[in-house]
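First the structure, in the form of C-alpha cells, and then the observations on it.
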Protein chains: 2
Amino acid sequence: MSRALLSFVCDNLFMPDSAPSLRARVRAEMTEEIKRVALRHLATDGTALSLRAVARDLGMVSSALYRYFANRDELLTALIVDAYNVLAEEVERADAAVTDRADVLGRWLAVGHAIRAWAVAKPHEYALIYGSPIPGYAAPTTTIEPATRPVLVLGGILADARSAGVLPEKDVTLEGGSPLGHKLRAEIETVAEVVGAEVDAAAVARALLAWTELFGAVGFEVFGRLNNVIAQREEWFDWQLRSMARFIGLGNRS
Amino acid sequence: MSRALLSFVCDNLFMPDSAPSLRARVRAEMTEEIKRVALRHLATDGTALSLRAVARDLGMVSSALYRYFANRDELLTALIVDAYNVLAEEVERADAAVTDRADVLGRWLAVGHAIRAWAVAKPHEYALIYGSPIPGYAAPTTTIEPATRPVLVLGGILADARSAGVLPEKDVTLEGGSPLGHKLRAEIETVAEVVGAEVDAAAVARALLAWTELFGAVGFEVFGRLNNVIAQREEWFDWQLRSMARFIGLGNRS
DNA sequence: GTCAGATGAGAGCAGTGCTCTCTATTGGGA
DNA sequence: TCCCAATAGAGAGCACTGCTCTCATCTGAC
C-alpha cells in the first residue's frame, strides 16, 4: 500500500471528525461558501444558474470551482440535498413544538404551515426540490433519504392519531367512499410501513391525498397560479389544511 | 399615411382570413413547422431547448428563425399558448362527451382523467404550463385567457350540479367545517363569477380545493414523486378523484 | 528540507442567444 | 410588363455558457 493511500485511509477511517486537518477545514468552508453563493444565484437565475458567475462572485476563475464540484449537476445535487434537509428540519421542529402530542390536528396544521412558510420564503429552493424536473439533470439516489424525512413526520402524526383513537374506524370509507383495489391497497400498506404508521390502508390513503393537496396548494401559490385570484393566501391555505384534516379524520374528538 | 402602412392596414383589417396571400400562407406553415420541431426538442431538452438546434433540424441557420419569433421567449410563449389550448380542448371534449349532462360526477371524472391522460402523455408540455416558472421567462398576458379555459369547464359542472340540486345546501360547511373570512369569501365569490358558477362561496371553495388536489396529484405523478411508491397510477388517481367528488358533494343523489 | 498532493489561473473548445449586414427572391402597383 | 420595396435567409461576430487541459504555486506530512 502506498504511503499516500495509507495516509488517505488514516485520515478517513481513524480520525473522521476528531482532528480534521487545516486544509480539510478550509476546504469544507470553501465548499459551504460556494453553496451559499450558488443559492443566491438560484434566486435570480433559477436552475439556469451559471457556474462562471458563481466563481466570479467568489473572486476566482470558473475552472477552480471544479476542484470542489465535479460539474454543475453535482453542485445542484448538493443544493437539493441541503434544501430537503432544511425543510425537513423546519417540519420536524414545527411538529415537535406542539407540546400536547395528542393534539394531532394542531400538529398537522403546524407542519402544513411550516412547509408553506418555507416554500413562500424560498420559492426557488422549493422549485428545486418540488418543481418540474431540471432539464438534463437526473437526481442521484443520495437525494432519496432527505426527501423522505418530511413525510415521516406525517406518518408519526397518523400513528399517534390512531393510538389516540382519533382516526375514524377501520375502512369506514368503504361504505360511501370508494374501495381500494387490492394491488393499490398493498402499495399503500407498504407506504404505511415505510412511514412508520401502523394504520389501516384507507386512513393512509386519505392522508396521502391530503399530503398531495397540501403540496398542490403550495405549488399553486409559489408558482403563481393564485396571482390575481386569491390574495388572502395564508387564510386560504389554512382553510384547505383544516378541510383536509377533517377529511383524514384528525379533527375528531378523542 | 405611407403606402406601406396603408397596405398593412388593408391586409389586416379588410382581408383578415378571406384571401391570405401565398406568402402569408407559407409563412404560417413555416411558423407551425418551427413550433412542431421546437416541441420535439422540448421533450428532450425541456425548457432549455436550443434555438440553434431547432434551426439546424429545419435545415436553416439560427438567425433565419428570428424572422418568425423575435426571441426564445416568444417561441416559448407560442408553445405555452398552444399547450393550454390543446389541453383545454381535451377537457372540453371530455366534458361534452358525457351525454347525460346531469351526471356531474361522471363529468368530473371525465375531466379529471382527461387532464391526467394529457399530462402523462405530454409531460414536458405539462411542465411547461403547470411546472415551476422558467428561469428568466415572464409569461405575457396573452397566456391568461387560454389558461382560464379548463377551469371554466369545472365552473360549468358546478353550476349544473347546483341547478340539479346535487350540491349540499348553502354553507353546510359552516357547521363542522371551517368558516371563510369575509375578505377570502369575497375573493372566492369573484372566482365564482368569473367561472360562471352561480354557486355559494363554500361550494366554490370546496371545488377549488378539489381542483388544487387534482393538479397536485397530476404533478406528483408527472414529476416523479410517485416513483417506487405507487405503480397503480390510474387507479390511485381515480380514487382521489372520487374522494374529492364526495368532498365537493358531486356524488349526492339529485 | 523535500516532494507529492492540493489549489488556483489561464487558454481553449464547442455550444448558446442574439444582432448586424449582405444577398436573393417575390409579389403588388404603376 | 417592369420596378421597387418588403421579405426571407445566410453568414459573421459578440458575449456568454459548461467543461477540460496544462501550468504554476503553495502547503503539509515525512
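By convention in this document, chain letters (A, B, ...) are assigned in the order of the sequence lines, proteins followed by strands, and residues within each chain are numbered from 1.
- For B:Ala64, the side-chain atoms get nearest to D:dA10 when compared with the rest of D:dT27, D:dA10, C:dG10.
- Contact annotation for B:Leu49: backbone-only contact, meaning every heavy-atom pair under 4.0 Å involves sugar-phosphate atoms and none involves a base.
- Remark: the backbone N or O of B:Ala70 is paired with a side-chain donor or acceptor of B:Glu74 at under 3.5 angstrom.
- A donor-acceptor pair under 3.5 Å is formed between the side chain of A:Glu187 and the backbone N or O of B:Gln232.
- Of the side-chain N and O atoms in B:Tyr68, none sit less than 4.0 angstrom from OP1 or OP2 of D:dT7.
- Using a 3.5 Å distance cut-off with no hydrogens or angles, the side chains of A:Thr148 and A:Tyr84 do not pair a donor with an acceptor.
- Judged by distance alone, the side chain of B:Asn85 and the main-chain N or O of B:Val81 form a donor-acceptor pair under 3.5 Å.
- Ranked by how close their nearest DNA chain D nucleotide is to the 5' end, A:Ser50 and A:Arg67 are led by A:Ser50.
- Spacing between atom CG of B:Leu75 and atom C1' of C:dG17 amounts to 12 Å, rounded to whole angstrom units.
- Residue A:Asn71 places its side chain closer to D:dC19 than to any other of D:dC19, D:dT27, C:dC18.
- For B:Ser63 against D:dG11, a side-chain-to-base donor-acceptor contact under 3.5 Å is present.
- Between the side chain of B:Arg52 and the base of C:dG15, no donor-acceptor pair of N or O atoms lies under 3.5 Å.
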